[in-house]
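Before any comments, here is the structure.
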Amino acid sequence: MSDMRSGDSAKPGFFARYSLLILCVVAFLAPFMYLGTERSLMSNKNDVKSWLPAEYEETATFEWYRQRFESDLFILASWEGCTLDSPKLELLARRLRPSSEVSADDPHRFFKSVVSGADLVRQLQEAQGLTREQAIDRLRGFLVGLDGRQTCLVMTIDPQAEERWDRHFRGNPTKKFMHAVIDHIHETALQVCDIQPQDLHLGGPPVDNVAIDVEGQRSLVRLAIVCGVVGLVVSWWCLRSWMLTAMVFTTGIFSAGLSMVAVWLSGNDMNAILLTMPALVYVAAVSGAIHMANYYRDTLRNQLAAGLADPAVNAPDGAVRGAWLPLFLATGTTAFGLASLSVSELVPVKQFGVFSAVGVVLSFIFLCLYMPSLLQEFPVRSLVRPRKSAFFDPGRWSGWNHVGNWILSRHRWVIAGCLLLMVLGVYGATKIRTSVKLMKLFSPEADIIQDYAWLEDKLGPLVPMEVVLRIDKERCDLDLLEQMKLVQTVQTAVDRLPDVGSAVAVPTFVRAIPNRPGMLERRTWIVQLQRHRDELKDYWQTEGNEELWRVSARVKALTDLDYGDFVADIRRVVEPILDQYRGRGGEGVRAEYTGLVPLVYKAQHSLLNGLLTGFAGDLILIGVAMMLLMRDWSSGLLLGFSSVFPIAVVFGAMGWFGVIVDVGTVMTPAVALGVTVDDAIHFMLWCRHGQERGMNRRQSIMFAYQDCAQAIYQSWGVIGLGLSAFALSSFVPTQRFGYLMFLMLTVSSFSNLVLLPALLASPLANFFWRNGAKAVEKKRAKERADAKRPVPPGPHLDMAENVETVDGLETAVNRVGARKTGAEDWLGDEVPDEVPVGVAVEEGPGPHLTSAKLERQKGRLLRSDGSHGRRKNGRPRRPR
């Protein structure tokens, strides 16, 4: 990019040459961005069982179990009046069963089998010789209610059905497979039995996953609307220009679209957690665009004061030069915080971190190209006019100086109070509880919660805990009858646990096991069992030399049961039984514990471990980056201390008040840490700028405070208020992410405006100021050496080419500013020689906030609001 030149003969900058090309490329790619966004949304799939990495033992065990027992592809349906003798039950079951008249390639052939409680009661009566009462008692709490009358319909989805569906629609269906299955059940029940959708209660893993899809999709629509409105309002409030607001808004929209395209191109599927990512990228892009607009405003004013007839000439290039470093630091710290989530063991959290980091980086690149191009083609010259005070504008509040002075005067008390809050927070954080229970993902008013409450009240618990007994036939001497007795013993022991609603195994579906059978009776019983083996395949399989016997225990979904304790209870009652059989010749007997319960238990521990590991990694990476940037180890420690404060306070409060940490909560520290560090870096950099101007410690802090107060306020307004829209979601992880982000950013703003200045004013920052003073002295020595070199003539001297001193140059520049160059058209009758620092501060954060009056000495730009020399008494020289 070309350097900014004074005068109308300025060389065309980068955006003067390429802005139209950039905008044409964006317009050309916009339809593809829309297509990628649509495809990403269509790929939204949620399966809690796939949240853990494939290499985990629990995940591998569950996958092994699923390949042998296809039990999780079922949907359970019931309604008020669905009893064992209900005609609607049989009618609906007959209509949903796969028909021989339907083609095997029909995409709407969803189910492999459809069984009702009444069917199983008849089967036990006819095939096993049980009475009706005995059959009902066997199924009570499983497919028959505790009253012995209420029952349900169980539909098992064909594993090949989804493949047929995708093949028929060529991979681009108008409706996702599982959604089509649920809709088919509702439509059939309404048409055949006149059962309204709100009266039909569904349960089962496919229903759970569809419910997560629906809630996530609803959240996306709500968040898109609310975040868009918040972004528009806050952008206009900060900029007071509808043209700039439109530019900022479209920058956010395109950035969010780019993040969705990244997901589509990667081949990954969206999920309910990842659906919050576009809104996050949107508010981050809007925040960056507002900063870019402020740099553009200051460039216009600087060029106007320099005497340009048209201050918009090359102004976009100047804005990018000024905004580059602060925006790069903001992007880097935020991307670091988000990318740290990739160490999480939960797949949705890992994907959120990776794609959010990618989205933030893409938005930074897009912002630095797209918005300056718009400003080049549609310059907003009216920004040079001074802005009138608003009725309510905290960023321009004159009381910030009083607040800053009060903090610096009482910095010891401020630090002590913050330390006390941190200690209480750290202690409260030890009380944090984690949860990834499926039903905890939904609000109490969600339809799925109401359905599960009804089903568990009428039928019994629904969440499975699976125990698979593996019996090696070569090492174990037990025949099938003895193996059946072992299975029945384990089933009875598990069923007696207080948290178990029912335990189902092969003994549930066969005739009574004889206690002391003779040889003939034993042989007859075994033959009968083998004859019905195909009917028992959901609970009995053979793999190589092993017999696999499944015992399925059901626990309530809507409960606060500690799954870790429950798994331990299962092991405590099963292992002693197996030990007894091993002592009687059953050496080849062992048990596998799997199902949803162990997976959730493992996921909870992974959630907490990922939270601690990710946060520690964030602090280390950002602390090292800050030390390298400032060339000072103490700055990293100060930054880390102020960054820990908001997380310690918020998560400590969660521990004190018993708020559960879930997959939405665990993402907040990474996002908030990036924003907190961004503001803290700005503050510490401005303290160094104060040192460079010859200010003492207190003056430097106040100099930084005056500039950064509005920057922090704007970050809180755009990002904090924007992300708080997530709190409107009915999907609990998204909801918690929203209000926790608002709280986290509010506390982080307090940390940067209260704790950080107090730390910098205390003896804890002595090394920071000493190292700063050394850096300033080295810089001045270099400037003195450069000043002795002859300056070749060139366009950079312009009207002051023969001026040797700063004072002489100032006079020349003032003459240029006073000349009638047409610049007064932008401001009115008079062109001010300079814009006070206070006015510049109210327009936006960053190192661009300097006096608008330019001073040139031998080709070097100097700031008139800083002291470039000292008087004889050592005090800084007042700016002219």
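The shown structure was predicted, so the numbers you read here are calculated from the model rather than taken from an experiment.
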Modelled atom types, side-chain donor and acceptor of E377 and S19, under 3.5 Å = yes
task = Considering non-hydrogen atoms only, spot the tightest contact between R780 and R693 and give its length.
result = NH2-C, 4.2 Å
request  = Would you mind reporting whether F683 and N752 have side-chain heavy atoms less than 4.5 Å apart?
outcome  = no
Distance (rounded to the nearest 0.5 Å) between F703 CZ and M695 CE = 4.5 Å
Side-chain touch L362/V261, heavy atoms, less than 4.5 angstrom = no
remark   = Closest non-hydrogen atoms of I701 and C687, given as atom of the first, atom of the second and distance, are CA-SG, 4.1 Å
inquiry  = Between Q303 (side chain only) and V313 (backbone N and O only), is there a donor and an acceptor less than 3.5 Å apart?
reply    = yes
request  = Calculate, to the nearest 0.5 Å, the distance between atoms CZ and CG belonging to R39 and L35 respectively.
outcome  = 5.0 Å
key: Minimum heavy-atom distance between G252 and V286, given as atom pair plus value   = CA-CG2, 4.1 Å
key: Parallel, tilted or perpendicular: ring planes of F249 versus Y282, cut at 30 and 60 degrees   = perpendicular
inquiry  = side chain to side chain contact (heavy atoms under 4.5 Å, CB included), that's the test. Do W686 and Y705 meet it? Break it down for me.
reply    = CA-CA 8 Å; W686 268 93; Y705 207 95; over 6 Å; no
query = side chain to side chain contact (heavy atoms under 4.5 Å, CB included) between M741 and L280: does it pass, once the steps are laid out?
reply = CA-CA 11 Å; M741 278 303 305; L280 169 63; over 6 Å; no
ask   = Quick one: are V25 and Y18 in side-chain contact, heavy atoms under 4.5 Å?
value = no
message = To check you understand the geometry: which heavy-atom pair defines the closest contact between S363 and A285, and what is its length?
response = CB-CB, 4.0 Å
message = Apply side chain to side chain contact (heavy atoms under 4.5 Å, CB included) to residues L274 and N268 and explain how you reach the verdict.
response = CA-CA 11 Å; L274 196 55; N268 286 273; 5.9 Å; no
query = Would R688 count as a cation-pi partner of F768, with NZ or CZ less than 6.0 Å from the six-membered ring centre and within 45° of the ring normal?
reply = yes
request  = Report the C-alpha separation of F15 and L375 in whole Å, then their side-chain angles, then the decisive distance to 0.1 Å, and conclude whether the side chain to side chain contact (heavy atoms under 4.5 Å, CB included) test is met.
outcome  = CA-CA 9 Å; F15 292 102; L375 291 169; over 6 Å; no
ask   = Is the backbone N or O of F328 less than 3.5 Å from a side-chain atom of T331, with the two atoms forming a donor-acceptor pair by type?
value = no
Distance, nearest 0.5 Å, that separates CE of M270 from CZ of F355 = 9.0 Å
ask   = Just wondering, do L374 and M243 contact through their side chains at under 4.5 Å, heavy atoms?
value = no
inquiry  = Measuring only between side-chain heavy atoms, which start at C-beta, is F14 closer than 4.5 Å to N314?
reply    = no
query = Hey, are the side chains of M292 and V320 touching, using non-hydrogen atoms and a 4.5 Å cut-off?
reply = yes
note = Between the CG atom in L275 and the CE atom in M260, the distance rounded to the nearest 0.5 Å is 6.5 Å
request  = For R17 and P12, indicate whether the former's side chain and the latter's backbone hold a donor-acceptor pair under 3.5 Å.
outcome  = yes
query = Taking all atoms of both residues into account, what is the closest heavy-atom pair of M371 and A293, and its distance?
reply = CE-CB, 3.9 Å
query = Backbone N or O of G353 within a donor-acceptor pair of the S356 side chain at under 3.5 Å?
reply = no
message = Taking the side chain as everything from C-beta on, heavy atoms only, tell me whether L20 gets closer than 4.5 Å to Q376.
response = no
inquiry  = Let me confirm one number: the OH-CG distance from Y370 to L258, rounded to the nearest 0.5 Å.
reply    = 11.5 Å
For the student: nearest non-hydrogen atoms of P278 and A256, plus distance = O-CB, 3.5 Å
key: F378 side chain near M247 side chain, heavy-atom distance below 4.5 Å   = yes
request  = Quick one: pull up OH in Y295 and OG1 in T299 and give me the separation to the nearest 0.5 Å.
outcome  = 10.0 Å
